[in-house]
Amino acid sequence: MLSEESAAVVRATLPVVAAQLDTITTRFYDTMFADRPELLDGLFNRGNQRNGEQRRALAGSIAAFATMLLDHPDERPDELLSRIAHKHAAVGVSEDQYVIVHKYLFGAIAEVLGDAVTPDVAAAWDEVYWLMAGALIAIEARLYAAAGAEGGRTWRTWQVVERREETPDATSLLLRPLGDEPVQPALPGQYVSVRVRMPDGVHQLRQYTLSGDGGDGLRRVTVKRVEDGEVSALLHATAREGDELTLSAPFGDVALRDGAAPLVLVSAGIGCTPITAMLGHLARTGDPRRVLLLHADRDVTSHPLRADMARLAAEVGAEQVLWYERDAPEGARTGLMDLDGVAIPEGAEVYMCGPVPFMRAVRGGLIRAGVAPKDIHYEVFGPDLWLGAA
């Protein structure tokens, strides 16, 4: 809870700080990495640094957290915090790194805002930072404990036992754990970080949703090669049967929940990976819930895991509606996903994954169809630029 004195200062200065957050976060990252370049080795995603996504996500989360503190002073924005904490746990963020971030972030605030940062202003925003950081540290400690990853033991070596080409630019890797330690169970919809050494010697991490498993503790990730995606390109070019990869424990707060409500599973492109994992779980457990499966793609040849989705949909008795932008086969619709004419079950719970513009449009259609916003769960690959806006 933000103190009354700090709340008044934050309310008065939030418009000024928010207007300069992009400049502040740019200065923050530039200065921190100049002084601490080792943070780019195995922690921060340098691709997201180059394209600005990490900077925008940080700015958005700070502004959203401060706004929520002011608008709901007696509540903690747990949904916002949980999403960030799972992302942090997946890359092994530690408590001491919050002190490092604080030093460089507040240095950037002072540089950008200058004399506007009076002692009262600095103290108020310091309170905001440590309220957010303290909550995240506590949540992340619980996540590490639940994953058996205390003391940085989140990483483990896995071996590729099968490689399967799904589409020209999507490849599935089936992995088995090395060693005798028990494997932390993954919930359907969770992701892992894959840690690889790049040709220049720098380690980089990327999160990939578990798209299924082969039983006996095996896990499958499906990797789409993306433009300027250095990790995905490396995995596509080099990962072969017998190779070893370093994976984190599974994390992610968008996981299929138990219940009796009808399910609507929505995806586009590579966003089908968590949806396929959820279908696999429903099939394995004999879950009797009604399932409506909606997927959109460019064409049939671009649709990753298409055969798996069709097989699992049949096993769980799901109604399946497909959209393809071109060359739609018989029974599928042509164009972008449009919910007109699609009967959304009353009281449905929705799980959704795909590009953010796609999810924005479909979410609006679902709400117009009567789905409660609280029952729409979404996953974003990479920094969540939708935080506070969904």
Side-chain angles (χ1 to χ4, degrees), residues 56-57 60-61 63-65 67-68 70-72 75-84 86-87 187-191 209 252-279 281-282 287 289-297 309 313 316 318-325 332-390:
R56 292 192 294 273
S61 65
F65 183 76
T67 301
M68 291 175 184
L70 296 176
D71 292 347
H72 306 283
E75 300 175 17
R76 194 175 76 173
D78 284 339
E79 184 174 355
L80 171 72
L81 294 169
S82 176
R83 180 65 58 93
I84 297 171
H86 277 272
K87 298 282 187 182
L187 300 175
Q190 288 193 308
Y191 52 79
T209 302
D253 61 340
V254 184
L256 183 65
R257 303 173 185 176
D258 293 332
L263 294 172
V264 179
L265 306 179
V266 185
S267 59
I270 198 64
C272 67
T273 51
I275 301 305
T276 305
M278 292 177 187
L279 285 170
H281 174 80
L282 294 171
D287 195 304
R289 281 179 281 184
R290 178 184 174 189
V291 179
L292 173 61
L293 178 63
L294 311 176
H295 180 79
D297 231 307
M309 292 182 76
V316 302
E319 177 189 354
Q320 186 175 18
V321 186
L322 301 172
W323 286 259
Y324 295 110
E325 295 179 39
R333 303 186 180 193
T334 298
L336 303 178
M337 185 177 291
D338 183 346
L339 298 184
D340 287 348
V342 177
I344 304 298
E346 185 177 353
E349 191 162 13
V350 178
Y351 293 87
M352 181 168 55
C353 188
V356 170
F358 161 82
M359 291 196 293
R360 283 188 188 276
V362 175
R363 182 175 182 270
L366 290 165
I367 292 173
R368 288 191 295 273
V371 180
K374 68 178 179 61
D375 292 329
I376 302 175
H377 316 288
Y378 71 93
E379 183 60 272
V380 173
F381 296 144
D384 191 346
L385 302 180
W386 208 1
L387 281 174

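Nothing here was measured: the structure is a model prediction, and the numbers come from that model.
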Q: For atom CG of D258, decide whether the heavy atoms of other residues, nucleotides or ligands shown that lie under 6.0 angstrom number more than 12.
A: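 Counting neighbours around CG of D258, 12 or fewer heavy atoms of other residues, nucleotides or ligands fall under 6.0 Å, so no.
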Using 0.5 Å steps for rounding, measure from the [atom1] atom of [X] to the [atom2] atom of [Y].
X: R83; Y: D78; atom1: CZ; atom2: CG; value: 13.5 Å
X: R76; Y: L81; atom1: CZ; atom2: CG; value: 6.0 Å
X: S267; Y: M359; atom1: OG; atom2: CE; value: 11.0 Å
X: L265; Y: M352; atom1: CG; atom2: CE; value: 11.5 Å
X: L294; Y: L366; atom1: CG; atom2: CG; value: 8.0 Å
X: L256; Y: R289; atom1: CG; atom2: CZ; value: 5.0 Å

Q: Evaluate the criterion side chain to side chain contact (heavy atoms under 4.5 Å, CB included) for residue pair V291 and L282; output intermediate values, then yes/no.
A: CA-CA 10 Å; V291 179; L282 294 171; 3.9 Å; yes
Q: Under the salt bridge (Lys or Arg N to Asp or Glu O under 4.0 Å) rule, collect the residues that match up with D375, sequence neighbours excluded.
A: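 Once residues adjacent in sequence are excluded, D375 has no partner under the salt bridge (Lys or Arg N to Asp or Glu O under 4.0 Å) criterion.
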(Q) Going by salt bridge (Lys or Arg N to Asp or Glu O under 4.0 Å), E349 matches just one of R257, K374, R290. Which one? (A)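 Checked R257, K374, R290 against E349; only one passes salt bridge (Lys or Arg N to Asp or Glu O under 4.0 Å): R257.
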Q: Give a yes or no answer on whether the side chain of T276 reaches the backbone of C272 with a donor-acceptor pair at less than 3.5 Å.
A: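 Present.
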Q: Spell out, as yes or no, whether a donor-acceptor pair under 3.5 Å connects the side chain of Q190 to the backbone of G252.
A: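 Checking the backbone N and O of G252 against the side chain of Q190, a donor-acceptor pair under 3.5 Å is found.
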Closest approach of [X] and [Y], non-hydrogen atoms and distance?
X: F358; Y: C353; value: CE2-O, 4.2 Å
X: G189; Y: T209; value: O-CG2, 4.0 Å
X: L293; Y: L279; value: CD2-CD1, 3.8 Å
X: P77; Y: M68; value: CB-SD, 3.2 Å
X: I84; Y: S61; value: CD1-CB, 3.9 Å

Using atom types as modelled, flag every donor-acceptor pair under 3.5 Å from a side chain in residues 332-347 to any protein atom, sequence neighbours excluded.
residue	atom	partner	partner atom	Å
R333	NH1	D340	O	3.3
D338	OD1	D340	N	3.0

Q. Residues two or more places apart in sequence or in another chain: which of them pass ring pair (Phe, Tyr, Trp, His ring centres under 6.0 Å) with H377?
A.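 H377 satisfies ring pair (Phe, Tyr, Trp, His ring centres under 6.0 Å) with Y351 only.
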